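As the structure is a computational prediction, the values presented were derived from the model and not from experiment.
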Amino acid sequence: MTSHVRNQLMEGRASLPRVGSVVQLETQHPAYAVLDHAGSPVESVTPYLRDLALNDNSPATSRSYANDLLRWFRFLWLLNVTWDKATEGEVAVMVGWLRTAPNPQRRRTRPNAPQPGSVNPRTGKRYLKAGYAPATINHALTVVASFYDFHRHLGNGPLMNPVPVSEARRRALAHRSPAEAMPAFRRSRLRQRVPATEPRAVPDAMWDEFFAAMNHDRDRAAVLLYVSSGARASELLGVTPADVDWPAQIVHVVSKGTKLREPIPVSPQALVVLAAYLDAMGMPAPHDPIFRTRRGPDKPLTYWAMRRVIQRANDRLGTNWSLHDLRHTAAERMANDPNLTLVEVRAILRHVDLATTGRYLHARVEDLFDALQAHYQRPRLQPTIAPGYDPDDFKAVFGG
């Protein structure tokens, strides 16, 4: 029976029971806990999440890791395997299920919704597939491996980590500098191949209609700040009145990676629209976010609410731009500006690796199209004979 369940799970033909939950705690170390089907904390997970928080990881990381561990324990509970007896076989079941099962977050309820994995004819961007992305599967493997490494350090659990590791990868990345190119190495077993994709930016020809689809100064100010500064979505939504330096045309954001308050330049147009929005709604308290909800109780605009703003614009335009595409747009515009060096663009975008910034340094499709159109319309060059040569002699030698 267990073998049958394993095969069904691995082929995505069996659903994973949604037992247990992740709850937020009143404490900070840890900020979250994983509960079993009876509502009791999973004892082996709590010290791991506490250690994660004590190592200066953000609450969002703790929540993400807790959700991945909840999924792992759901497999163990269904297969009737205790966590300290897990082997690579159980990890393979999890990977097989993630490769084949539909992702509930990708479920579409509208009958006319685009097919998962299809390409939008206007933007050329592919819609997300119905299942779990390779990067999501690799992240789940990283979380489970880290969980068992923690318990091995304490002398608990199995002697060998059930998640396969690549020693070649460890050696290649052991002392790598961010300025160095990524060395080649073999993936470990069960790790998925993540395809290298080019960042997609909103072309200049489509930017005007996208901006026109914003029907409120709040939304217009937000997209202009995004596309002129290259700030990440969560960073900009946390900006307060005290963070805006109007004369210097600078906005201070708390960087996602370093958690430091850093200045980023923004365009004068973005500040003009932002001023109009704040003048209409009123200036919030100095340390409250400036982007607020428009309906219901007054509260800060969340990432999901801002994402919904972009989705409404997509519905009107028949496009599938994402909130992160605005950062890609800013990066591509800056990287291809001859007046900015790649090092300067890297500093503005706050990239750790210069190679990440270099991904945006390429010829844009619309620029290639314009250049080719000029090439096609350019008159064909006609050969001429230099003065002093007899045309009849040329015909005799080279033919008429």
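The side-chain heavy atoms of L141 and M94, taken from C-beta on, include a pair separated by under 4.5 Å. No side-chain heavy atom of Y303 sits less than 4.5 Å from a side-chain heavy atom of R232. Looking only at side-chain heavy atoms (C-beta outward), L301 and R218 come within less than 4.5 Å of each other. Within the 4.5 Å cutoff, the side chain of R220 has no heavy atoms near those of the L274 side chain. Within the 4.5 Å cutoff, the side chain of L237 has no heavy atoms near those of the P300 side chain. Between Y48 and S146 there is a side-chain heavy-atom pair separated by less than 4.5 Å. Side-chain atoms of P284 and P241, non-hydrogen and from C-beta on, do get closer than 4.5 Å to each other. Side-chain contact between L154 and F150: present, with at least one pair of heavy atoms (C-beta onward) separated by less than 4.5 Å.
Across every non-hydrogen atom of T100 and M10, the tightest pair is OG1-O, 3.5 Å. Across A86 and W72, no two heavy atoms sit closer than the pair CB-CZ2, 3.7 Å. For the residue pair A33 and L49, the shortest heavy atom distance occurs at CA-CD1, 4.2 Å. When every heavy atom of S44 is checked against every heavy atom of F147, the shortest pair comes out as O-CE1, 3.3 Å. Nearest heavy atom pair, residue D337 against residue N339, reads OD1-N, 2.9 Å. Looking at every heavy atom in both residues, A66 comes nearest to V34 through O-CG2, 3.5 Å.
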Salt bridge (charged side-chain N to carboxylate O under 4.0 Å, His left out) for R122 and E209? Distances and angles first, verdict last. CA-CA 12 Å; R122 295 210 62 206; E209 67 169 12; 2.9 Å; yes
side-chain hydrogen bond (donor to acceptor under 3.5 Å, both in side chains) evaluation trace for T240 with D288: CA-CA 5 Å; T240 68; D288 286 343; over 6 Å; no
Verify side-chain contact (heavy atoms from CB on, under 4.5 Å) between V266 and I250, making sure each step is shown before the conclusion. CA-CA 6 Å; V266 295; I250 285 175; over 6 Å; no
Under the criterion side-chain hydrogen bond (donor to acceptor under 3.5 Å, both in side chains), I'd like the reasoning laid out for T142 against R191: C-alpha separation, chi angles, the key distance, then a yes or no. CA-CA 10 Å; T142 298; R191 291 277 175 174; 3.0 Å; yes
Please assess D149 against N161 for the test side-chain contact (heavy atoms from CB on, under 4.5 Å), listing each intermediate value before the final yes or no. CA-CA 7 Å; D149 280 341; N161 197 318; 3.0 Å; yes
Full working for ring pair (Phe, Tyr, Trp, His ring centres under 6.0 Å) between H37 and F73: CA-CA 11 Å; H37 59 280; F73 271 84; over 10 Å; no
Can you list the steps and then say if Y127 with N120 is a side-chain hydrogen bond (donor to acceptor under 3.5 Å, both in side chains)? CA-CA 7 Å; Y127 290 96; N120 184 282; 2.8 Å; yes
What's the verdict on side-chain contact (heavy atoms from CB on, under 4.5 Å) for F291 and M306, showing C-alpha distance, side-chain angles and the deciding distance? CA-CA 10 Å; F291 291 107; M306 189 63 211; over 6 Å; no
L9 and L78: side-chain contact (heavy atoms from CB on, under 4.5 Å), yes or no, with the steps? CA-CA 10 Å; L9 284 171; L78 181 61; 3.6 Å; yes
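Taking a cutoff of 4.0 Å between a charged side-chain nitrogen and a carboxylate oxygen, D315 and R312 do not qualify as a salt bridge. Under a 4.0 Å N-O distance rule, the pair E11/R6 does not qualify as a salt bridge. Looking at R200 and E332, no side-chain N of the basic residue comes within less than 4.0 Å of a carboxylate O on the acidic one, giving no salt bridge. Residues R292 and D298 are paired through a salt bridge, judged by an N-O separation under 4.0 Å between the basic side chain and the carboxylate. The existence of a salt bridge linking K259 and D56 is excluded, since no basic side-chain nitrogen approaches an acidic carboxylate oxygen closer than 4.0 Å.
Remark: side-chain polar atoms of R74 are paired, donor with acceptor, to backbone N or O of V19 under 3.5 angstrom. Although no hydrogens or angles enter the test, the distance criterion places no donor-acceptor pair under 3.5 Å between the side chain of R99 and the main chain of G131. A donor-acceptor contact shorter than 3.5 Å links the side chain of N55 to the backbone of D51. Remark: the backbone N or O of L224 is paired with a side-chain donor or acceptor of S228 at under 3.5 angstrom. Using a distance-only test at 3.5 Å, with no hydrogens or angles considered, a donor-acceptor pair links the side chain of N57 to the main chain of L52. In this structure, D208 contributes its side chain and D204 its backbone to no donor-acceptor pair below 3.5 Å. Within the 3.5 Å criterion, the main-chain N or O of A60 finds no donor-acceptor partner in the side chain of S64. A donor-acceptor pair under 3.5 Å links the side-chain atoms of R346 to the main chain of H351, judged by distance alone. Although no hydrogens or angles enter the test, the distance criterion places no donor-acceptor pair under 3.5 Å between the side chain of H252 and the main chain of I264. With hydrogens and angles ignored, the 3.5 Å screen pairs no side-chain donor or acceptor of R261 with any backbone N or O of V253.
Residues forming a side-chain contact (heavy atoms from CB on, under 4.5 Å) with A313 (at least two apart in sequence, or on another chain): F210, A213, M214, R316.
Within a 6.0 Å sphere centred on CZ of R308, heavy atoms belonging to other residues, nucleotides or ligands number more than 12. Atom CD of E344 has more than 12 neighbouring heavy atoms from other residues, nucleotides or ligands inside a 6.0 Å radius.
For W97 and F75, the gap between ring centers is short of 6.0 Å.
Criterion: ILVMFWY side-chain heavy atoms under 4.5 Å apart, direct or through other members. Under it, L323 and F211 are part of a common hydrophobic cluster. Clustering ILVMFWY residues whenever any of their side-chain heavy atoms sit less than 4.5 angstrom apart, transitively, puts L260 in a cluster other than the one holding L349. Cluster membership check: V5 shares its hydrophobic cluster with V93, using side-chain heavy-atom separations under 4.5 Å among Ile, Leu, Val, Met, Phe, Trp and Tyr. Under the 4.5 Å side-chain contact rule for hydrophobic residues, V223 and M334 do not share a cluster. Placement of W77 and V91 within a single hydrophobic cluster is found when ILVMFWY residues are connected by side-chain heavy-atom separations under 4.5 Å, directly or transitively.
For residues 23-45, the set of pairs meeting the salt bridge (Lys or Arg N to Asp or Glu O under 4.0 Å) definition, not counting sequence neighbours, is empty.
The CD1 atom of I348 sits 5.5 Å away from atom CG of L340, with the distance rounded to the nearest 0.5 Å. Between the CG atom in D325 and the NZ atom in K125 there is a gap of 3.5 Å [rounded to 0.5 Å]. To the nearest 0.5 Å, the span separating CG on L342 from CG on N336 amounts to 9.5 Å. For the atom pair R294 CZ and M281 CE, the distance stands at 11.5 Å (nearest 0.5 Å). Within the model, atoms CD of Q8 and OG of S3 stand 10.0 Å from one another, a figure rounded to the nearest 0.5 Å. Distance check: Y132 OH to N138 CG gives 15.0 Å after rounding to the nearest 0.5 Å.
The aromatic rings of H139 and Y65 sit perpendicular to each other, their planes meeting at more than 60°, with 30° as the lower class boundary.
A donor-acceptor pair shorter than 3.5 Å can be found between the side chains of N314 and T319.
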